Amino acid sequence: MGAGRYAPSPSGELHLGNLRTALLAWLFARSTGRGFLLRVEDLDRARAGAEAIQLADLRAIGLDWDGPVVRQTERTDGYLAAIAALGEAGLLYECFCTRRDIAEASSAPHAAPGAYPGTCRNLTEAERAARRAVRPAALRLRTDLDRFTVTDVLHGDYTGVVDDFVVVRNDGVHAYNLVVVVDDALQGIDQVVRGDDLLPSTPRQAHLATLLAQLDAVPAAASGTVPPQYAHVPLVLNADGKRLAKRDGSVTLAQLRQDGITAERVRAVLLESAGLPGGPLARALDAFDPAHLPREPWVFTGFPASTGGMH
Ligand code: GLU
């Protein structure tokens, strides 16, 4: 049995967009007989107390998950092992570029859009030593292809840039594109459902997942599918067509509760926004079919006035 997952960053409370993605990830996993795991992505942007509130909110909308919650800050050994394997294979190099260096080099006429221009790829040992004295290095993956195609349940084949991306930042923190791949592999995750803002990073991640499996740096996912199955779901937008954010008013369960809207009602509205019946989760699970999911973002403009009740 493989597994799906939800991987929130504990930077604050979940809003309706996050909750909707979590619900869909749960439906994708459970409707295909997979396990469902919860991973707290606390390497970056962690805020004290946020994790407990996020988990309580996920439970409040009826989601359950298998096994203990995993936190990235407790998984350093796996990231170090992957970095060691990539290093031994000669696939890493030090990069001393600032953002500005990259922006300037990328505006050169022949640079591929959005790709690291390769400035530090072939430095000599003497050049590296001189630069190390000035600023700490990031580590980049040496990539010998420039594009990779992933297959996505909702987007079909998606081809995107794969460049020499950063795997360890110059402050020593393991980069998101590395840790997400290592975590998914170590947790036996073979289905990744998340917001479609992450689709452009997916070819990089899928390439790295393939490399790490080839190097035996991480065990192949339980079902043997590397890279995992992907489903990038549309985001929730506000009335201005921008990605929903906390400043858009009542968009968290706590705020909505104050407005008299229960977690059950929130779940019903989220399910209905995805074309599913709003009652018990088991009914939505029966009705769930990725082929019928809306492909467009859901525009949230506030809760419809409550029906029933007072006359
Ligand atoms: N932690 C990321 C977020 O909350 C999700 C990453 C993922 O699902 O791969 O946006």
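Note that the structure is predicted; figures quoted are calculated from it, not measured. Both ligands and their constituent atoms are indexed starting at 1 by order of listing.
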Open item on the list: Applying a heavy-atom cut-off of 4.0 Å, say which part of Y176 lies close to ligand 1: side chain, backbone, both or neither.
Closed with: side chain

TODO: Report, as yes or no, whether the 6.0 Å neighbourhood of atom CZ on R295 holds more than 12 heavy atoms from other residues, nucleotides or ligands.
DONE: yes

Task: Option set R45, H232, R5, criterion heavy-atom distance to atom 8 (O) of ligand 1, minimum - done: R5

Open item on the list: Whether D164 and R142 form a salt bridge (side-chain N of Lys/Arg under 4.0 Å from carboxylate O of Asp/Glu) is what I want to check.
Closed with: no

Open item on the list: Once you restrict to heavy atoms under 4.0 Å, what part of N18 touches ligand 1? Side chain, backbone, both or neither.
Closed with: neither

Task: ligand 1 atoms in contact with V180 (distance to a heavy atom under 4.0 Å) - done: 9 (O)

Task: Distance (rounded to the nearest 0.5 Å) between T151 OG1 and Q229 CD - done: 10.0 Å

Open item on the list: I'd like to know if R267 and E272 make a salt bridge, using a cut-off of under 4.0 Å between side-chain N and carboxylate O.
Closed with: no

For residues 278-293, which side-chain donor-acceptor pairs fall under 3.5 Å, sequence neighbours excluded?
| residue | atom | partner | partner atom | Å |
| --- | --- | --- | --- | --- |
| D289 | OD1 | A291 | N | 3.0 |
| D289 | OD2 | H292 | ND1 | 3.4 |

- [ ] Quick one: look up the protein heavy atom nearest atom 1 (N) of ligand 1 and list residue, atom name and how far away it is.
- [x] E41 OE1, 2.6 Å

Contacts table for residues 60-71: side-chain donor-acceptor under 3.5 angstrom, sequence neighbours left out:
| residue | atom | partner | partner atom | Å |
| --- | --- | --- | --- | --- |
| D64 | OD1 | W26 | NE1 | 2.8 |
| D64 | OD1 | R30 | NH2 | 3.2 |
| D66 | OD1 | R30 | NH2 | 3.3 |
| D66 | OD2 | R30 | NH1 | 3.0 |
| D66 | OD2 | F36 | N | 2.8 |
| R71 | NE | E51 | OE1 | 2.8 |
| R71 | NE | E51 | OE2 | 3.2 |
| R71 | NH1 | E74 | OE2 | 3.2 |
| R71 | NH2 | E51 | OE2 | 2.8 |

TODO: Examine S9 against ligand 1 and note whether any of their N/O atoms are separated by less than 3.5 Å.
DONE: yes

Task: Any N/O pair A7/ligand 1 closer than 3.5 Å - done: yes

Task: Atoms in ligand 1 with a heavy atom of L198 nearer than 4.0 Å - done: 5 (C), 6 (C), 7 (C)

Task: Element-labelled atoms of ligand 1 that are located less than 4.0 Å from some non-hydrogen atom of R194 - done: 7 (C), 8 (O), 9 (O)

Open item on the list: One thing to verify: whether K242 and D240 come together as a salt bridge, which I'm taking to mean a side-chain N less than 4.0 angstrom from a carboxylate O.
Closed with: no

